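Okay, structure first, notes after.
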Amino acid sequence: QVQLVESGGGLVQAGGSLRLSCAASGRTFSNYYLGWFRQASGKERDFVAAMWWSGTSTYYADSVKGRFTISRDKTKNTVYLQMNSLKPEDTAVYYCAAKGGYGLGLSIGAYDYWGQGTQVTVSS
């Protein structure tokens, strides 16, 4: 059974940093994209970043380029999202997700597995 468990969320002031972690278990993710989405209150869940588990290519939403970095540690089966220069508009629940097969997915429907989410709140 696949499990994605996020951690690392919290309250931070604008301009600060947080690192989210997503511990993945239950299968081999060698042919998967691991990604991050976020959902602000009253809004749709949007793509933030993703990477191919077996490679080094990374993909970002325009709104976070240059501020967020996705990475993974294969030895720990964990994906990270380093978030710097945080803004109040980054406030949301952040979800880890996994998509099997080739082809980057930017929509929630493309992803097979989801974590429970972790709250990130950025105060002004």
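Along the sequence shown, residues are numbered consecutively beginning with 1. Just so it is clear, the model here is predicted, and its values are computed rather than measured.
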When you measure from the side chain of [X] to the backbone N and O of [Y], does any donor-acceptor pair fall under 3.5 Å?
| X | Y | result |
| --- | --- | --- |
| T118 | G9 | yes |
| T91 | V122 | yes |
| R72 | W53 | yes |

Would you say [X] and [Y] make side-chain contact, with heavy atoms under 4.5 Å?
| X | Y | answer |
| --- | --- | --- |
| Y32 | R27 | yes |
| E6 | L20 | no |
| T69 | L81 | no |
| C22 | W36 | yes |
| V120 | M83 | yes |

- Message: Closer than 4.0 angstrom, basic N to acidic O: yes or no for D90 and K87?
- Response: no
- Indicate whether any N or O donor in one side chain lies under 3.5 Å from an N or O acceptor in the other, for N84 and S17. yes
- Side chains of R38 and Y94: donor-acceptor distance under 3.5 Å anywhere?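 Distance-only check passes for R38 and Y94.
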- Message: Could you walk me through whether Y33 and W52 satisfy the ring pair (Phe, Tyr, Trp, His ring centres under 6.0 Å) test, starting with their C-alpha distance in whole Å, then the side-chain angles of each, then the deciding distance to 0.1 Å, before giving a yes or no?
- Response: CA-CA 4 Å; Y33 281 93; W52 182 244; 4.8 Å; yes
- Message: Could you check, using the six-membered ring where one of them is a Trp, whether F37 and F47 have ring centers closer than 6.0 angstrom?
- Response: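 Yes, ring centres under 6.0 Å apart.
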- Item | Minimum heavy-atom distance between G100 and D112, given as atom pair plus value |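 Smallest interatomic distance, heavy atoms only, reads N-OD2, 2.7 Å.
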- Task: Could you tell me which non-hydrogen atom of G105 sits nearest to which non-hydrogen atom of A110, and how far apart they are?
- Result: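 So the two residues come closest at CA-CB, 4.0 Å.
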- How long is the span from the OG atom in S21 to the NZ atom in K76, to the nearest 0.5 Å?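 So the OG of S21 and the NZ of K76 are separated by 8.5 Å.
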- Message: Nearest 0.5 angstrom please: Y95 OH to D46 CG, how far?
- Response: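 Output value for this atom pair is 12.0 Å.
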- Query: Do N31 and Y102 pass the side-chain contact (heavy atoms from CB on, under 4.5 Å) test, and can you show the C-alpha distance, the side-chain angles, and the key distance before you say yes or no?
  - Reply: CA-CA 7 Å; N31 292 323; Y102 298 99; 4.0 Å; yes
- Query: Would V2 and F29 count as a side-chain contact (heavy atoms from CB on, under 4.5 Å) if you check the C-alpha gap in whole Å, the side-chain angles of each, and the deciding distance to 0.1 Å?
  - Reply: CA-CA 10 Å; V2 173; F29 291 94; 3.9 Å; yes
